[in-house]
Amino acid sequence: MTRFAVLCYATTAVAIGITAFQAPPALPPIRAASNSRPFLSPFSAHTSSRIRNHHKALIRRSSTQHNSDSSISAHTNHHNNDEYKLEQRTWMFQDKYPIAYEVATTTTTNSESNEEDVLTVPILLLNGFGVGSFHQHRLMRQLLFQQQQQQESKKRYVLYGIDYLGQGKSWPKDPQDGNSPDEYQLGYSADMWLDQLASFVREVVLSTPTTTTADTTDESTTTSINKVHLVGNSVGGYLATILTHQNPQLISTLTLLNATPVWGLNLPGWDGKLPAPAVPKAIGRQMFDLIRNEDVIRQYLEAAYVRAEAFDGTFVDSFDGWGCIAADNDDDGRDNGRDEATTASGSGRGEPLGVKIRACTEGNGGHAAFASILWSAPASGVPFYEALQHVPVDVLLLFGGDDPWCTEAVGKRMHVTLASRRNGGDDAAVTAACRFVSLGNVGHCPNHEAPKAVAQVLIPWLNADDSEERRVVPLDSLCQIHEPWGEVLIREISIEESESLGLIDRFVSSMVG
């Protein structure tokens, strides 16, 4: 049944969060807001040139020489202003593979707090399949902006985004379609990405000095700076769940944004380690070229998002200036009533998400990486739902309610699974908090389509001091949030509602994982 579920996913999801391997299904007749404009394909000859240039820039950054005395190097910061900064850095995984990651912080603290009393809180945002950390820029900016408005908060966020090896800007130094020395015996798999993430948390996130408190001997302060909050979208949610199960001592809380409870196809005949045999190599090449086709990417994005304006370049999509009307619409200087976080100027104006996704596929390692993922097995040791049932940390389920794949019914099954921890034998899991919040008019990628709403819910959850507080802290249920492209309704779902799942929804959710 699990194999069948994965096969179903393979036919419907790609590029923005779930592995996918064939042309998309017909789209429902009504998905976008009534005032949405027709989607214009961003992939002209001009944008194809932009893709090639963008990819060359990524390769240059990935091949930057690293300091011999450190596995971490910082690139030039292209996203910086008076209050917020986004740094692009590189970390060497296994002292061999250059991994691109980003760090977003505020440059000032809350005016109500003394600098010496501020506790820095590390948060790691995990992407879906086929994108890079650029898919987190909107949420990064909103988390920093809204947290800074918390007048009584003495916590300062440090946000991390990372590209998995074989995704975004993280590639072997000299990929040659699976045939280079750096690719030899490299298998792109859930286990490899989990190893990458666990090493990254230990070597980068938690090894970096993260506190400015005067008394570093305080026990609660020590606990806080030795753990990280995980926030995972789609396959990032799958990885975050397994990572938490395997390394609970590293994780403070777990937030799942439309998490995918399945992984790959686990096809027979090859273990996924490069170089690929002839047949898997040929199949992987054909499927990869299909899913990275410009029209296929566009169709999947139209299915994954409720509103095309959230991804088609109508609005700015960058850390410095997300939410502004693109092109020349803002040249008169008017802010059109948007708040500071949606009116800052910056790079990336009007660049469609599909262009960024396509750019990630233009190198010499993509075909081999995709074939390896196709044949790779799920994470070893424990299935997703079994891992979820035993994670001993507080868990927040935050789902776009109009996701065609990871539906609200899937979220309810996860909710019931987490609630069953109360009957388990692990004391930490039994006492851990769990909440489920649905976002109306939002699809598969809440971090990108509803960053203001996600931040609105996430900040009180992250700022709570313990499980008891997280059980009761208000998460703005029945609150309506205005994103630049439309309204989002926040609604908390009770465990009673999740347990009353209908027969059809029970059957469908059981087929997924």
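Of all non-hydrogen atoms in Leu239 and Leu194, the two that sit nearest each other are O-CD2, 3.3 Å. Closest heavy-atom contact between Phe134 and Cys360: CE2-SG, 3.7 Å. In terms of heavy atoms, Tyr305 sits closest to Cys445 at OH-CB, 3.9 Å. Here the closest non-hydrogen pair linking Ala371 and Gly284 is CB-CA, 3.9 Å. Across all non-hydrogen atoms, the minimal contact from Pro280 to Trp270 is CB-CE3, 3.6 Å. When all heavy atoms of Gly128 and Val235 are compared, the closest pair comes out as C-CG1, 3.6 Å.
Side chain of Asn127 to main chain of Ile162: a donor-acceptor pair is present (N/O by atom type, distance under 3.5 Å, no hydrogens or angles). Not one N or O on the side chain of Arg413 forms a donor-acceptor pair closer than 3.5 Å with the backbone of Leu501. Although no hydrogens or angles enter the test, the distance criterion places a donor-acceptor pair under 3.5 Å between the side chain of Asn447 and the main chain of His135. At least one donor-acceptor pair under 3.5 Å links the side chain of Ser170 to the backbone N or O of Asp163. Put simply, the side chain of Arg141 never gets that close to the backbone of Ala104: no donor and acceptor are under 3.5 Å apart. Between the Arg421 side chain and the Val391 main chain, a donor and an acceptor come within less than 3.5 Å of each other. The main-chain N or O of Leu274 is never found under 3.5 Å from a side-chain atom of Glu183 such that the two would form a donor-acceptor pair. Between the side chain of Thr106 and the backbone N or O of Glu83 there is no donor-acceptor pair closer than 3.5 Å. Panel note: side chain Ser372, backbone Ala369; no donor-acceptor pair is recorded below 3.5 Å. Between the side chain of Lys227 and the main chain of Gln249, no donor-acceptor pair closer than 3.5 Å is present.
Remark: Glu497 engages Lys412 in a salt bridge, criterion side-chain N to carboxylate O under 4.0 Å. Here Lys155 pairs with Asp465 in a salt bridge; the nearest charged N to carboxylate O distance falls below 4.0 Å. Between Asp394 and Arg470 there is a salt bridge, since a side-chain N of the basic residue sits under 4.0 Å from a carboxylate O of the acidic one.
A cation-pi arrangement is not found for Arg89 relative to Tyr101, the charged atom failing to lie both closer than 6.0 Å to the ring centre and inside a 45° cone about the ring normal.
The distance from the CG atom of Leu124 to the CD atom of Gln136 is 9.0 Å, given to the nearest 0.5 Å. For the atom pair Leu396 CG and Leu458 CG, the distance stands at 6.5 Å (nearest 0.5 Å). The distance from the CD1 atom of Ile291 to the CZ atom of Phe288 is 6.0 Å, given to the nearest 0.5 Å. Once rounded to the nearest 0.5 Å, the distance linking CG of Asp466 with OG1 of Thr431 reads 10.0 Å. With values rounded to the nearest 0.5 angstrom, Arg435 atom CZ is found 12.5 Å from Ile495 atom CD1. In this structure, CG in Leu243 is found 11.5 Å from NE2 in His245, a value given to the nearest 0.5 Å.
Other residues, nucleotides and ligands contribute over 12 non-hydrogen atoms within 6.0 Å of the CD atom of Glu487.
Looking at heavy atoms from C-beta onward, Leu86 lies in side-chain contact with Met140 at the 4.5 angstrom threshold. Considering only heavy atoms from C-beta on, Ile357 comes within 4.5 Å of Leu301 through its side chain. Counting heavy atoms from C-beta on, the side chains of Tyr164 and Leu126 come closer than 4.5 Å. Within the 4.5 Å cutoff, no side-chain heavy atoms of Ser189 are placed close to those of Asp271. When side chains are defined from C-beta on, Tyr160 does not count as touching Leu125, because their heavy atoms never get closer than 4.5 Å. At least one side-chain heavy atom of Leu165 sits less than 4.5 Å from a side-chain heavy atom of Leu186. With a 4.5 Å cut-off on side-chain heavy atoms, Ser252 and Val228 do not count as touching. Residues Gln480 and Ile490 form no side-chain contact, since every pair of their non-hydrogen atoms from C-beta on lies 4.5 Å or further apart.
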Starting from the C-alpha separation in whole Å, work towards a yes-or-no answer on side chain to side chain contact (heavy atoms under 4.5 Å, CB included) for Ile99 and Thr90.
CA-CA 5 Å; Ile99 302 298; Thr90 300; 5.9 Å; no
List the steps and the verdict of salt bridge (charged side-chain N to carboxylate O under 4.0 Å, His left out) for Glu449 and Arg307.
CA-CA 8 Å; Glu449 189 174 12; Arg307 295 182 177 89; 5.1 Å; no
Go through it in stages, so that I can follow the logic: the residues are Thr260 and Ser234, the test is side chain to side chain donor-acceptor pair (under 3.5 Å), and I'd like the CA-CA distance, side-chain angles, deciding distance and then a yes or no.
CA-CA 5 Å; Thr260 306; Ser234 191; 3.0 Å; yes
From CA spacing to verdict: side chain to side chain contact (heavy atoms under 4.5 Å, CB included), Asn247, Arg202
CA-CA 11 Å; Asn247 302 275; Arg202 292 190 182 98; 2.8 Å; yes
Walk me through whether Leu489 and Asn441 qualify under side chain to side chain contact (heavy atoms under 4.5 Å, CB included).
CA-CA 7 Å; Leu489 178 64; Asn441 298 321; 5.5 Å; no
Quick one: do Glu102 and His137 satisfy side chain to side chain donor-acceptor pair (under 3.5 Å)? Show the steps, please.
CA-CA 10 Å; Glu102 296 181 312; His137 286 174; 2.7 Å; yes
Stepwise, does the side chain to side chain donor-acceptor pair (under 3.5 Å) test hold for Ser420 with Gln389?
CA-CA 7 Å; Ser420 70; Gln389 188 175 12; 3.1 Å; yes
Derivation and outcome, side chain to side chain contact (heavy atoms under 4.5 Å, CB included), residues Trp461 and Glu469:
CA-CA 9 Å; Trp461 173 266; Glu469 186 176 350; over 6 Å; no
Does His448 form a side chain to side chain donor-acceptor pair (under 3.5 Å) with Asp317? I'd like the steps, not just the answer.
CA-CA 9 Å; His448 193 257; Asp317 185 7; 2.9 Å; yes
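For the side chain to side chain donor-acceptor pair (under 3.5 Å) criterion with Asn258, the lone passing option out of Thr407, Asp403, Asn233 is Asp403. Remark: of the listed residues Phe129, Tyr188, Trp193, Trp193 is the sole one forming a ring-ring contact (aromatic ring centres under 6.0 Å, His included) with Trp263. When each of Thr120, Asn463, Thr105 is paired with Tyr157, the side chain to side chain donor-acceptor pair (under 3.5 Å) condition holds for Asn463 and for no other.
Under 3.5 Å, the side chains of His229 and Thr255 contain no donor-acceptor pair of N or O atoms.
For Phe200 and Phe93, the ring centers are positioned 6.0 Å apart or more.
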